[in-house]
Amino acid sequence: MATTPAPAPAAPAKRRRTGATRERQSTHEGFLVHRNGKWIKISSALAAALILLYIFVPLPPQHFGSTWLGYTLGTIGALLILWLTALGMRKRAITPGRWSLKAWTSAHVWLGVLLIVIGTLHSGFAFGWNVHTLAWALMLIVIISGIFGVTAYATLPRALSANRYDAEGAITEKQMVEALRSLDRQLHDAAQPLDSECAMLVGRSLEQDPFTGSIVNRLTGRYPGDATREAAGELRRLRAHRPRTADDPLDKVDALLTRKEAMLARLRRHLRLKGWLQAWLYVHVPMTFALIAALSAHIVSVFFYW
């Protein structure tokens with residue numbers, strides 16, 4: 001007797017598709033809302049619980065830090081600070097799963113914000129000119145700089161990407177620099193027929209390093225004394241007082257200076273955005289080490305000299 005083969009079950013395929021969809025969603029999910037905002041929910045719940053404990057648990061108002069709740073908050077805060085500093089080492093090991101780098105970073109951000117509540121409640125709002133308040137202040141500086149870093153990483157990469165694209169497609173930082181050098185070579189050749197006054201203006205643009213300046217210039221994108229901008233403006237002023245002729249070499253020089261100004265602005269904008277992505281670390285990392293030192297002094301002074 002002929003038998004009809006049983007149809008293959010569709011459930012596994014469906015499960016495979018669901019798993020693939022979940023994996024794609026996880027891949028594109030930002031670290032701030034990792035796993036549907038798991039760590040912001042945990043941090044918010046812990047913050048609310050600690051604030052309620054501080055309000056409703058009967059404890060002496062003076063020397064709150066030496067009460068059982070004060071010691072508990074201090075211990076949690078100190079251990080949390082040490083754990084938060086481990087993110088730098090964790091970045092060297094990229095692994096999937098529950099404690100993936102994305103999950104670790106999400107916990108780092110939201111537990112770091114929770115530290116504001118823990119540290120402030122541990123102090124009992126008793127601040128002064130001492131090492132204890134210094135540790136609290138350094139903690140705030142580290143957290144605020146970290147919040148700035150998170151904001152930068154959430155917004156600036158998109159601006160960096162947009163700055164790289166134009167009507168001709170994408171261009172890298174190296175290609176921007178090469179385009180500037182090419183424009184300089186063309187300017188050098190185009191300036192040969194000019195009189196001495198105009199040629200001197202173009203020469204200043206060619207001789208000046210377009211990226212000289214301080215870190216403030218890099219982060220603001222403002223470069224006072226830009227020889228290219230000054231040369232373009234002065235040549236346009238001179239052209240306005242001269243009779244226009246066919247095949248005027250100033251026309252070509254002006255067009256090249258205009259292109260150079262645009263490319264300089266684009267490259268400087270690129271460097272400014274990159275600078276902001278890195279600048280916060282120059283505050284965050286050193287202040288973290290200073291915080292650990294102040295925290296150590298705080299703990300020693302409490303247990304041995306308080």
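Positions are given from 1 along the sequence.
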Could you check if a side-chain atom of Thr220 sits within less than 4.5 angstrom of a side-chain atom of Arg272, using non-hydrogen atoms only? no
Shortest non-hydrogen separation from Thr228 to Ser205 and the atoms involved: OG1-OG, 2.8 Å
Kindly compute the distance separating CG (Leu267) from NZ (Lys260), expressed to the nearest 0.5 Å. 11.5 Å
What's the separation between atom SG in Cys198 and atom CD in Glu234, rounded to the nearest 0.5 Å? 8.5 Å
Quick one: do Glu173 and Arg164 make a salt bridge, cutoff under 4.0 Å? no
Applying side chain to side chain donor-acceptor pair (under 3.5 Å), which residue pairs with at least one partner in residues 284-295 are found, sequence neighbours left out? Ser145-His284
What heavy-atom pair brings Gly112 and Leu84 nearest, and what distance separates the two atoms? CA-CD1, 3.8 Å
Mind checking whether His298 and His132 have parallel, tilted or perpendicular rings, split at 30° and 60°? perpendicular
Is it the case that more than 12 heavy atoms not belonging to Arg236 sit under 6.0 Å from its CZ atom? yes
Under the side-chain contact (heavy atoms from CB on, under 4.5 Å) rule, collect the residues that match up with Ser196, sequence neighbours excluded. none
Please check if the side chain of Thr133 supplies one atom and the backbone of Trp129 the other of a donor-acceptor pair under 3.5 Å. no
Can you confirm whether more than 12 heavy atoms, excluding those of Phe289, are under 6.0 Å from its CZ atom? no
Linking I/L/V/M/F/W/Y whenever any side-chain heavy atoms sit under 4.5 Å apart, do Ile143 and Leu82 land together? no
For Leu138 and Ala290, which heavy atoms make the closest approach, and how far apart are they? CD1-O, 3.6 Å
Identify whether Leu79 and Leu50 are in the same connected component of the hydrophobic contact network (ILVMFWY, side-chain heavy atoms under 4.5 Å). no
Please step through side-chain contact (heavy atoms from CB on, under 4.5 Å) for the pair Lys252 and Leu256, ending with a clear verdict. CA-CA 6 Å; Lys252 185 175 182 179; Leu256 289 171; 4.2 Å; yes
Separation between OG1 of Thr85 and CG of Leu291, rounded to the nearest 0.5 Å: 9.0 Å
Tyr223 versus Arg229, closest heavy-atom pair with distance: O-NH2, 3.4 Å
Give the C-alpha distance, both sets of side-chain angles, the deciding distance and a yes or no for side-chain contact (heavy atoms from CB on, under 4.5 Å) between Met176 and Leu271. CA-CA 11 Å; Met176 293 180 196; Leu271 295 176; over 6 Å; no
With Ser296 via side-chain contact (heavy atoms from CB on, under 4.5 Å) - residues at least two apart: Ile292
Give a yes or no on whether Ile51 and Leu80 share a hydrophobic cluster (residues Ile, Leu, Val, Met, Phe, Trp, Tyr; joining criterion: side-chain heavy atoms under 4.5 Å apart). yes
From the list Tyr282, Trp276, Tyr153, Trp280, ring-ring contact (aromatic ring centres under 6.0 Å, His included) partner of Phe148 resolves to Trp276
Ile42 vs Trp110, side-chain contact (heavy atoms from CB on, under 4.5 Å): CA-CA, chis, key distance, verdict: CA-CA 9 Å; Ile42 292 175; Trp110 294 116; over 6 Å; no
Correct closest heavy-atom pair for His122 and Gly70 would be ND1-O, 2.7 Å
Under 3.5 Å donor-acceptor, Ser123 side chain and Thr120 backbone: yes
Passes side-chain contact (heavy atoms from CB on, under 4.5 Å), Asn163 versus Arg158? Steps please. CA-CA 9 Å; Asn163 186 59; Arg158 188 177 304 171; over 6 Å; no
Would a hydrophobic clustering, with Ile, Leu, Val, Met, Phe, Trp and Tyr connected at side-chain separations under 4.5 Å, put Met200 with Leu206? no
Salt bridge flag under 4.0 Å for residues Glu178 and Arg181: yes
Flag the pair Asp254 and Arg259 as a salt bridge only when some basic side-chain nitrogen lies within less than 4.0 angstrom of an acidic carboxylate oxygen. no
On a heavy-atom basis, the closest approach of Leu187 and Val202 is O-CG1, 4.2 Å
Determine, using the 4.5 Å side-chain heavy-atom cutoff (strictly less than), whether Val109 and Ile147 are members of one ILVMFWY cluster. yes
